[in-house]
Each structure stands twice: as structure tokens, then as C-alpha cells.
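Shown next, in C-alpha cells, is the structure this report addresses.
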Amino acid sequence: GNICVVHDIDETADGRMFLVMEFLEGEPLNKKIERGPLPIDEALSIALHVSQGLAKAHEHGIIHRDIKPGNIIVTNDGVAKVVDFGLAKLSGRSVLTRTGTSLGTLAYMSPEQARGEPADRRSDIWALGVVLYEMIVGTLPFTGEYENVVVYEIENVDPPPVTSLRTGVPMELERVITKAMAKSPDERYQHIDEMLVDLKRLAKHSETVPGTTALQ
């Protein structure tokens with residue numbers, strides 16, 4: 001599957017909770033992005049894998065709440081796996097609060113999370129839209145230097161469309177990202193499966209169109 005397997009959850013003698021997780025050989029997605037935008041077919045493949053992992057989780061009523069490149073490992077054979085599943089739930093908090101969250105995490109928060117409202121599956125869809133945006137152009141859509149600026153941008157500002165920042169990006173891919181990152185949860189994909197269908201169609205198309213695999 002596309003979820004890092006948790007083998008065990010236990011507590012140390014002094015009451016600290018720990019997880020025993022599958023060992024993954026690979027690289028966190030944020031390290032890949034640091035080297036620059038990804039080839040479009042690779043970005044689509046990673047987004048597909050993450051969508052499949054989320055679909056499985058959402059099916060079981062689990063919301064990740066912290067989808068970001070640092071929580072996605074791309075294994076040596078090119079499979080993307082989501083890690084840190086349910087850590088927010090495990091620590092006894094059902095909602096991640098903004099207090100103490102790093103700017104890095106804040107950058108992927110949906111408008112409703114940024115307002116301190118509970119996250120649902122559409123918050124994970126938003127975060128995946130942000131990750132896809134970042135994979136395609138190499139920069140975040142919301143880049144304020146301070147927490148309150150980032151929150152303002154997330155709630156009010158439409159980022160530059162990906163097609164304006166990189167040549168050779170299919171309009172359909174821009175449409176998928178824009179829909180995933182609609183400010184209102186009701187205007188987003190309502191289920192990750194719907195986004196998955198669009199991503200699959202795009203991935204199929206990018207295999208048949210020469211030149212979409214590299215930066216033009």
C-alpha cells in the first residue's frame with residue numbers, strides 16, 4: 001500500500017508513547033523538491049500514490065491532518081508512501097492546534113484549519129493540492145514570512161496559476177490543483193477518489209505526450 005505500516009504502538013516505562021514503523025529506504029519528498037521542480041510525470045505518479053494512501057485512510061474514517069512533503073517518503077523504487085499517520089490522534093488531540101506549529105506545517109493547512117476549525121477529509125485534499133503545486137513549480141503557493149501573513153494568504157489570496165510559472169504544464173493539471181485548493185471545502189473535490197480519477201487520466205495522457213516529462 002501507500003501508507004507506511006505501523007507495526008506496534010506502545011508506551012515506555014515513563015509513559016511516553018512510541019510507534020514501531022516499517023523501515024523505508026528512500027528520500028523524503030521535501031528533499032527532492034529542494035533540488036527543483038519535478039518532472040511532470042513523476043509529480044503525477046507521487047500525487048497518485050499519496051491519493052491512494054489517503055483513499056484507504058479516509059475509507060476507515062482516518063484523516064491525516066498533516067500532509068506535507070516531509071511526511072511523504074519516495075522509496076528507491078519510486079513509490080510514494082505517506083508517513084506520520086494519525087499522530088495527531090495518537091497524542092490525544094483530535095485537532096491539530098496552530099499553537100507551536102512550524103511555518104513549514106502551516107503552509108499546507110487548509111483555510112478551515114488555519115481558522116482553528118476541525119479538519120475533515122477535504123483538508124487532506126487541500127494539502128495534497130498544495131504539495132502538487134509545490135512539486136510542479138518548486139515553490140509554495142503561500143510564502144509569507146510570518147505566521148499571520150501565511151494565514152491571511154491561505155484564507156484570502158489565490159496563488160499564481162502553475163501554468164504562469166512553468167511552461168509545458170497541462171491546463172487540466174492546473175484545473176485539478178485549483179479545484180483541490182478551493183478556499184471553500186464545498187468547492188473542492190469532496191472525496192479523494194474523484195481527484196484520483198482526474199490524476200489517473202492526466203498520468204495516462206502525460207505518458208503519451210512527448211516532452212511533458214521534463215522541464216521545457
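Both backbone and side-chain heavy atoms feed into the values below; hydrogens, waters and symmetry mates do not. Everything numeric here is computed off the predicted structure, so don't read it as measured data.
How far CG of Leu106 is from NZ of Lys68: 10.5 Å, rounded to the nearest 0.5 Å. We find the CD-CG distance between Gln52 and Leu199 to be 9.5 Å, quoted to the nearest 0.5 Å. Interatomic distance, Lys179 NZ to Ile177 CD1, rounded to the nearest 0.5 Å: 14.0 Å. Put simply, CG on Leu44 and CG on Leu173 are 5.5 Å apart, with the number rounded to the nearest 0.5 Å. Within the model, atoms CD of Glu155 and OG of Ser110 stand 9.5 Å from one another, a figure rounded to the nearest 0.5 Å. Between the CE atom in Met109 and the CD1 atom in Ile67 there is a gap of 13.0 Å [rounded to 0.5 Å].
Proximity of Val50 to Ile72: side-chain heavy atoms (C-beta onward) are separated by under 4.5 Å at one or more points. You'll find the side chain of Arg166 reaches within 4.5 Å of the side chain of Ile40, heavy atoms only. Val82 places none of its side-chain heavy atoms less than 4.5 Å from the side chain of Ile73. Residues Leu38 and Ile136 form no side-chain contact, since every pair of their non-hydrogen atoms from C-beta on lies 4.5 Å or further apart.
Listed for the Glu174 side chain is a donor-acceptor partner under 3.5 Å among the backbone atoms of Thr163. Not a single donor-acceptor pair under 3.5 Å links the side chain of Ser45 to the backbone N or O of Asp41. Lys183 places a side-chain N or O within donor-acceptor distance of the main-chain N or O of Ile154, the cut-off being under 3.5 Å.
Each of Glu187, His58, Gln190 was compared with Arg122 under the side-chain hydrogen bond (donor to acceptor under 3.5 Å, both in side chains) criterion, and only Gln190 meets it. Of the listed residues (Glu112, Arg65, His64), just one forms a side-chain hydrogen bond (donor to acceptor under 3.5 Å, both in side chains) with Ser123, and that residue is Glu112.
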Show every donor-acceptor pair shorter than 3.5 Å between a side-chain atom in residues 28-35 and any protein atom, with sequence neighbours excluded, or say none if there are none.
from, atom 1, to, atom 2, distance (Å)
Lys32, NZ, Glu42, OE2, 3.2
Arg35, NH1, Glu27, OE2, 2.7
Arg35, NH2, Glu27, OE1, 3.0

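With sequence neighbours excluded, the residues that form a side-chain contact (heavy atoms from CB on, under 4.5 Å) with Asn148 are Tyr146.
Closest of all the heavy-atom pairs between Pro111 and Arg188 is CD-NH2, 3.6 Å. Ala107 approaches Phe142 most closely through the heavy-atom pair O-CD1, 4.3 Å. Across every non-hydrogen atom of Ile46 and Met135, the tightest pair is CG2-SD, 3.8 Å. Nearest heavy atom pair, residue Ala43 against residue Leu132, reads O-CD1, 4.0 Å. When every heavy atom of Trp126 is checked against every heavy atom of Met181, the shortest pair comes out as CZ3-O, 3.1 Å. The minimum heavy-atom distance linking Val150 with Gly144 is given by the pair CG2-O, 3.3 Å.
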field: side chain to side chain donor-acceptor pair (under 3.5 Å) assessment of Thr75 paired with Lys81
entry: CA-CA 8 Å; Thr75 64; Lys81 294 208 173 201; over 6 Å; no
- prompt: Taking it one step at a time, do Tyr133 and Leu128 satisfy side-chain contact (heavy atoms from CB on, under 4.5 Å)?
  reply: CA-CA 8 Å; Tyr133 186 105; Leu128 179 54; over 6 Å; no
message: Evaluate Asp198 against Tyr189 for side-chain contact (heavy atoms from CB on, under 4.5 Å), listing each step before the verdict.
response: CA-CA 10 Å; Asp198 285 353; Tyr189 290 101; 2.8 Å; yes
- request: Could you give me the CA-CA distance, side-chain angles and deciding distance for Asp66 and Tyr108, then say whether side chain to side chain donor-acceptor pair (under 3.5 Å) is met?
  value: CA-CA 8 Å; Asp66 196 18; Tyr108 304 91; over 6 Å; no
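Chaining together hydrophobic side chains whose heavy atoms lie under 4.5 Å apart places Tyr152 alongside Val157.
Under 4.0 Å is where a charged nitrogen must lie from a carboxylate oxygen, and between Arg121 and Asp124 no such pair does. Of the charged side-chain nitrogens involved, at least one lies within less than 4.0 Å of a carboxylate oxygen, so that Arg175 and Glu172 count as a salt-bridged pair.
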